[in-house]
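Before any comments, here is the structure.
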Amino acid sequence: MKPIRLSGHAKEQLIFRGTTEEEVVETIRTSLWQTAELGRLESRKNFTFEKEWNKKYYKVKQVRPIFVEEDTEIVVVTVYTYFFEKEG
């Protein structure tokens, strides 16, 4: 499988979005890819969270990387993270 590289923007967003590079890579490697805007790709994966984020408790965190597949690597353009109070 191709190596996964995060762009400078994607790396900067990790801390602000509450996710890690490892979660982004796992999401891309283990989840279904779908088409996204501007000819890009996306995937989504739910992770057990069970902690506070921005002073609110959440059970689940969903990681959604936006990426492009190039000839020799996968480049993550940005990452979105969503937090949920319940599973499902």
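Quick caveat: nothing in here was measured; it's all calculated off a predicted structure.
- At least one side-chain heavy atom of L6 sits less than 4.5 Å from a side-chain heavy atom of L14.
- The structure places CD of E26 at 10.5 Å from CD1 of I4, a figure rounded to the nearest 0.5 Å.
- Using modelled atom types, no side-chain atom of S43 and backbone atom of L32 make a donor-acceptor pair closer than 3.5 Å.
- The environment of E50 atom CD is dense: over 12 non-hydrogen atoms of other residues, nucleotides or ligands sit within 6.0 angstrom.
- Annotation: the span from I15 atom CD1 to T20 atom OG1 amounts to 11.5 Å, rounded to 0.5 Å.
- Nearest heavy-atom pair, P3 versus R29, reported as atom, atom and distance to 0.1 Å: CA-NH2, 4.0 Å.
- Both V25 and I28 belong to a single network of hydrophobic side chains, linked directly or stepwise wherever heavy atoms of I, L, V, M, F, W or Y lie under 4.5 Å apart.
- The distance from the CD atom of Q62 to the OG1 atom of T27 is 9.0 Å, given to the nearest 0.5 Å.
- The distance from atom CD of E73 to atom NZ of K2, rounded to the nearest 0.5 Å, is 9.5 Å.
- Taking hydrophobic clusters as Ile, Leu, Val, Met, Phe, Trp and Tyr residues chained together by side-chain heavy-atom distances below 4.5 Å, V75 does not share a cluster with L41.
- Proximity of a side-chain donor or acceptor of K56 to a complementary backbone N or O of F83 within less than 3.5 Å is not detected.
- One hydrophobic cluster, built from ILVMFWY side chains closer than 4.5 Å, holds both W33 and V79.
- The two residues P65 and V76 make their nearest non-hydrogen contact at CB-CG1, 4.2 Å.
- Contact check on E23 versus K45 returns no salt bridge, with no Lys/Arg side-chain nitrogen under 4.0 Å from an Asp/Glu carboxylate oxygen.
- One N or O on the side chain of T81 and one on the backbone of R17 form a donor-acceptor pair closer than 3.5 Å.
- Between Y80 and Y82, the ring planes lie parallel to each other; the angle is under 30°, not in the 30° to 60° tilted range.
- If you take OG on S7 and CD on Q13, they are separated by 9.0 Å, rounding to the nearest 0.5 Å.
- Two different hydrophobic clusters hold V77 and V63 under the rule that ILVMFWY side chains link at heavy-atom gaps under 4.5 Å.
- When every heavy atom of K61 is checked against every heavy atom of G18, the shortest pair comes out as NZ-O, 3.0 Å.
- Annotation: side chain of K51 is not in contact with side chain of W53 (no heavy-atom distance under 4.5 Å).
- Put simply, the side chain of F67 does not reach to within 4.5 Å of the side chain of V24, judged on heavy atoms.
- Here R40 contributes atom CZ and T78 contributes atom OG1; the two are 8.5 Å apart, rounded to the nearest 0.5 Å.
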